[in-house]
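Quick note on labels: first sequence line is chain A, next is B, and so on, each numbered from 1.
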Amino acid sequence: MPSTPEPSDFIRDIVAADVAAGRHARIHTRFPPEPNGYLHIGHAKSICLNFGIARQFNGICNLRMDDTNPTKEDVEYVDSIIADVRWLIEGWADQCLGLKRKGETPTASEANGQKDYLIPATLPPAPAAELEPFHASDYFEALYQFAVQLIRLGKAYVCDLSPEETEAYRGAPDRPGRNSPFRDRTVEENLDLFARMRAGEFPDGARTLRAKIDMASPNIWLRDPLIYRIRHADHHHTGSQWCLYPLYDYAHCLSDYLEGITHSICTLEFEVHRPLYDWILTQLNLPRPLPHQYEFARLNLSYTIMSKRKLLALVNEGLVSGWDDPRMPTVSGLRRRGVPAKAVRTFAQRIGVTKYNGLTDVAVLEFAIREELNATALRRLAVLRPLKLVLTNLAPGEVHQFEAVNNPEDPSAGTRPITLTREVFIEEDDFQEIPPPKYFRLRPGGEVRLKYACIIRCDEVIKDAAGQVVELRGTADLDTRTGGPNAAKKVKGTIHWVSAANATEVEVRLYDRLFTEEEPEADGRSFKSVLNPHSLEVRRAKVEPALAEAALGARFQFERLGYFWPDPLDSQPGKPVFARTITLKDAWAKAGTK
RNA sequence: UGCCCGAUAGUGUAACGGUAGCACAGCAGUCUCUGAAUCUGUUUGUCAUGGUUCAAAUCCAUGUCGGGCAGCCA
């Protein structure tokens, strides 16, 4: 059923083997972002992996807010995450998106004769208004009950060590830790203290709940890790209900269990946490099959940074216009720039999934974007840096109409009429008074074809007092028009143009990469020291009249320049602002660089 | 330097003991009313050293290099 061949990777191999062995009734993955920032292209890789697996194996992928830290999270982020995920999977994996009924929390049930908690996923076409993503914070009560159970089992204890003392007792990677003096409290005392922690009797940091494992373990995460801390803070989803919040390691594995997740896929830095993930689930003697964690390498992309904290800094310091600035590697930034979701998915598929921590060339992403847009974008003529050309053999008011192809890659896109008049604008770059070798474009006395129209010759160059070329005079050879007697005449160059008589002037925003270095943070430098000063150039461009009415969402190729679309926020009806999604590949410019 | 993970063309990945392939990038050419796209060709690779085997990118050992782990972050 999948329209594109599904890629294979070591995680898919595991899933496929599990399916073949009949280990699960249904494959269930999850995408669990913390709502403390916007999603970026690295998250997109994870989304494509998790939803891709669900899609491929006929399963479900839950969208879950991993919201166990009230002081860093916000609904603004929850909303942006939902929008970004929907955009990315739309028309591809919507049918796999696992959500839950609003307000629903895990229900106590029975499994294999034991008490159990479970929260099932609800799939479309359930009414969207009644659904919301899963939230780890919806499990706080269940999680609390599991913790009580751990205490009863003698596997967790309340510790009164201060943060500093806790750190000191933990030891170091090459030095074992020491047992907390509170490690051997009785079950009764632990139960009492834990209940009072929940009741708000103690200030932040006064006490924690810790798993009782092994302070001498070579794995730091097994040295009696903290599983609950006191935080007298309101939570964006649970309000003031709690002053006791679980930590990631404890909440995550159990959240996976509660949702019936089969494959819990995360990034490499959690590899050393896996023994803890397994430990917690194992201790609880749970009645249903346990989820398993698998790790893959997060995405590193050249010419960009991926850390949420640093992206936040770009936003807060006004170095970009916001999280959705088209230069940002965020999903919302890519979307606003006009990058099709499908191109992002293609990119994710091509880069693969491994445990090798590499640096992916942004050219792979750029190629996927051009590939998609080349096939779909409508061709239009636009001149970014206008130079006036007067065709002296045409009378003022004389109009010639031509037919322009909308998309040579897609005949069904049809054609449109364009008009040639005495005065046209051509691109400054397309004329050189003293051309370099192999220059195909216009030169004094030279000829060039105006795309879709006819061949013209440059007869005269007009300069201002400063010696700048301000205008060209030339003649049009209408016999060379398409279908004309000399249509077959060859010239080396074909350039784009617009008629001065009916061109519209619009704002265009030319985006380039945000950083000048492949690895902005190489050898300890600050990414702020290598910001590209030319990452945004705003211009007034002359465009063919059809572009003035460009609909939001429409994609265009401005011929010989790049792919553009109307900025979804700043465009007004009849007054579009065009954002350049990406340039066309430019072999000529590249040759000039060498 | 304790534990964990990794290493295949420039980059990212495939090959699951049996011909090292793909994509991007690069280069050369073709085509072109977009110096785009297309099409063709092409440069470049198994971290090192041993071992097992008829046969090793693949299995084993050692080493080298890289990454991760000492938040009451996730």
Note: R64(A)-E34(A) ion pair, threshold 4.0 Å (strictly below) = no

Those residues at least two apart in sequence (or on a different chain) that pass salt bridge (charged side-chain N to carboxylate O under 4.0 Å, His left out) with K72(A) are none

Side-chain N,O (R560(A)) to OP1/OP2 (rG35(B)) below 4.0 Å | yes

For S162(A), enumerate each residue passing the side chain to side chain donor-acceptor pair (under 3.5 Å) test, keeping only those at least two apart in sequence or located in another chain.
-> E164(A), E165(A)

Given RNA chain B, 5'-ward residue of the pair P173(A) and F440(A), judged by closest heavy atom = P173(A)

Which whole-number value in Å describes the distance from F31(A) CZ to rA74(B) P?
-> 16 Å

So what does L381(A) hit on the nucleic acid, given a heavy-atom distance under 4.0 Å: a base, only sugar-phosphate, or nothing?
-> nothing

So what does K585(A) hit on the nucleic acid, given a heavy-atom distance under 4.0 Å: a base, only sugar-phosphate, or nothing?
-> sugar-phosphate

Using a cut-off of 4.0 Å on non-hydrogen atoms, how would the nucleic acid contact of N219(A) be classed: base, sugar-phosphate, or nothing?
-> nothing

Sub-4.5 Å side-chain heavy-atom contact between L334(A) and I41(A) = yes

Determine the Euclidean distance between corresponding C1' atoms of rA74(B) and rC69(B); express it in Å to zero decimal places.
-> 14 Å

Under 3.5 Å, is there an N or O donor on one side and an acceptor on the other linking the side chain of R441(A) and the base of rG35(B)?
-> yes

For rA56(B) versus rA15(B), give the span between their C1' atoms, rounded off to a whole number of Å.
-> 13 Å

Out of curiosity, D224(A) CG to L161(A) CG, how far, rounded to the nearest 0.5 Å?
-> 10.5 Å

Per atom distances to the D586(A) side chain, the nearest of rC73(B), rG35(B), rU34(B) is rG35(B)

If you check the T68(A) side chain, which of rC24(B), rA74(B), rG35(B) turns out closest?
-> rA74(B)

Could you give the distance separating rU46(B) and rU13(B) at their C1' atoms, to the nearest angstrom?
-> 13 Å

Take the protein atom OH of Y245(A) and the nucleotide atom C1' of rG71(B), then report the distance between them rounded to whole Å.
-> 18 Å

Under 4.0 Å protein heavy-atom contact, by nucleotide of nucleotides 10-17 of chain B - B base, S sugar-phosphate only | -SSSS-B-

Spacing of N300(A) atom CG relative to rC24(B) atom C1', expressed in whole Å = 17 Å

Aromatic-base stack, Y248(A) on rA74(B), cutoff 5.5 Å, angle under 30 = no

Looking at K590(A), does any N or O in its side chain come under 4.0 Å of the phosphate oxygens OP1/OP2 on rG26(B)?
-> yes

Aromatic ring proximity Y248(A)/H252(A), centre distance under 6.0 Å | yes

Does R274(A) place a side-chain N or O at less than 4.0 Å from the phosphate oxygens OP1/OP2 of rC3(B)?
-> no

How do D204(A) and Y563(A) order along RNA chain B: which one's closest nucleotide is nearer the 5' end?
-> Y563(A)

For the side chain of E271(A), counting heavy atoms from C-beta on, which of rC4(B), rU34(B), rA74(B) is nearest?
-> rC4(B)

Is any side-chain N or O of E409(A) under 3.5 Å from a base N or O of rU38(B), one able to act as donor and the other as acceptor?
-> no

Rounded distance in Å between the P positions of rA55(B) and rG18(B) | 14 Å

Shortest side-chain distance from N69(A), nucleotide among rC73(B), rA25(B), rU34(B) = rC73(B)

Inspect the surroundings of CZ in R298(A) and state if more than 12 heavy atoms from other residues, nucleotides or ligands are less than 6.0 Å away.
-> no

Would you be so kind as to tabulate the donor-acceptor pairs closer than 3.5 Å made by side chains of residues 484-492 of chain A, with sequence neighbours excluded?
| unit_1 | atom_1 | unit_2 | atom_2 | d |
| --- | --- | --- | --- | --- |
| K489(A) | NZ | E447(A) | OE1 | 3.3 |
| K489(A) | NZ | E447(A) | OE2 | 3.2 |

Name the nucleic acid region contacted by Y452(A), choosing base, sugar-phosphate or nothing; use a 4.0 angstrom heavy-atom cut-off, strictly under.
-> base

Salt bridge between E559(A) and R379(A), side-chain N to carboxylate O under 4.0 Å?
-> no

Atom C1', compared across rG45(B) and rA7(B): separation rounded to whole Å | 13 Å

How far does the C1' atom of rU49(B) sit from the matching atom of rU43(B), given to the nearest Å?
-> 29 Å

Please check if the distance between the ring centroids of Y139(A) and F134(A) is under 6.0 Å.
-> no

Between rG35(B), rA25(B), rA70(B), spot the one nearest the side chain of A587(A), thanks.
-> rG35(B)

If you check every side-chain atom of D174(A), which of rA36(B), rC24(B), rG2(B) has the closest atom?
-> rG2(B)

When you check the phosphate oxygens OP1 and OP2 of rC72(B), does a side-chain N or O of R207(A) lie under 4.0 Å from one of them?
-> no

Watson-Crick and G-U pairing of RNA chain B, under 3.5 Å, as dot-bracket with | and [ ] = .((((((..((((....[..)))).((((.........))))....(((((..]....))))))))))).....

Could you check which of rC73(B), rC72(B), rC24(B) has an atom nearest any side-chain atom of K72(A)?
-> rC73(B)

To the nearest 0.5 Å, how far apart are CD1 in I53(A) and OH in Y294(A)?
-> 10.5 Å

Y277(A) and F270(A): aromatic ring centres closer than 6.0 Å?
-> no

Determine the contact category for R449(A): base if any of its heavy atoms lies under 4.0 Å from a base atom, sugar-phosphate if only primed atoms, P, OP1 or OP2 are that close, otherwise nothing.
-> base

Take the protein atom CH2 of W221(A) and the nucleotide atom C1' of rC73(B), then report the distance between them rounded to whole Å.
-> 9 Å

Single hit among R370(A), R555(A), Q557(A), R580(A) for side chain to side chain donor-acceptor pair (under 3.5 Å) with Y563(A) = Q557(A)

Using a heavy-atom cut-off of under 4.0 Å over every strand shown, decide if Y250(A) touches base, sugar-phosphate, or nothing.
-> nothing

Give me the one residue out of T238(A), T68(A), N69(A), D67(A) that meets side chain to side chain donor-acceptor pair (under 3.5 Å) with S137(A).
-> D67(A)

Of all the choices, rC24(B), rC72(B), rA74(B), which nucleotide is nearest to the side chain of E269(A) once you look at every atom?
-> rA74(B)

Any idea which of rC73(B), rG35(B), rU34(B) is nearest the R379(A) side chain?
-> rU34(B)

Is the shortest distance from a Lys or Arg side-chain nitrogen in E403(A) or R481(A) to a carboxylate oxygen in the other one below 4.0 Å?
-> no

How should the glycosidic conformation of rG71(B) be described, syn or anti, under the criterion that syn lies within 90° of 0?
-> syn

Separation between the C1' atoms of rU62(B) and rG10(B), rounded to whole Å = 30 Å

How many Å lie between CH2 on W497(A) and P on rU34(B), as a whole number?
-> 15 Å

Between the protein and nucleotides 20-22 of chain B, which nitrogen or oxygen pairs are less than 3.5 angstrom apart?
none

How far does the P atom of rA23(B) sit from the matching atom of rU38(B), given to the nearest Å?
-> 12 Å

Nucleotide of rA25(B), rA74(B), rA36(B) approaching E34(A) most closely (side-chain heavy atoms) | rA74(B)

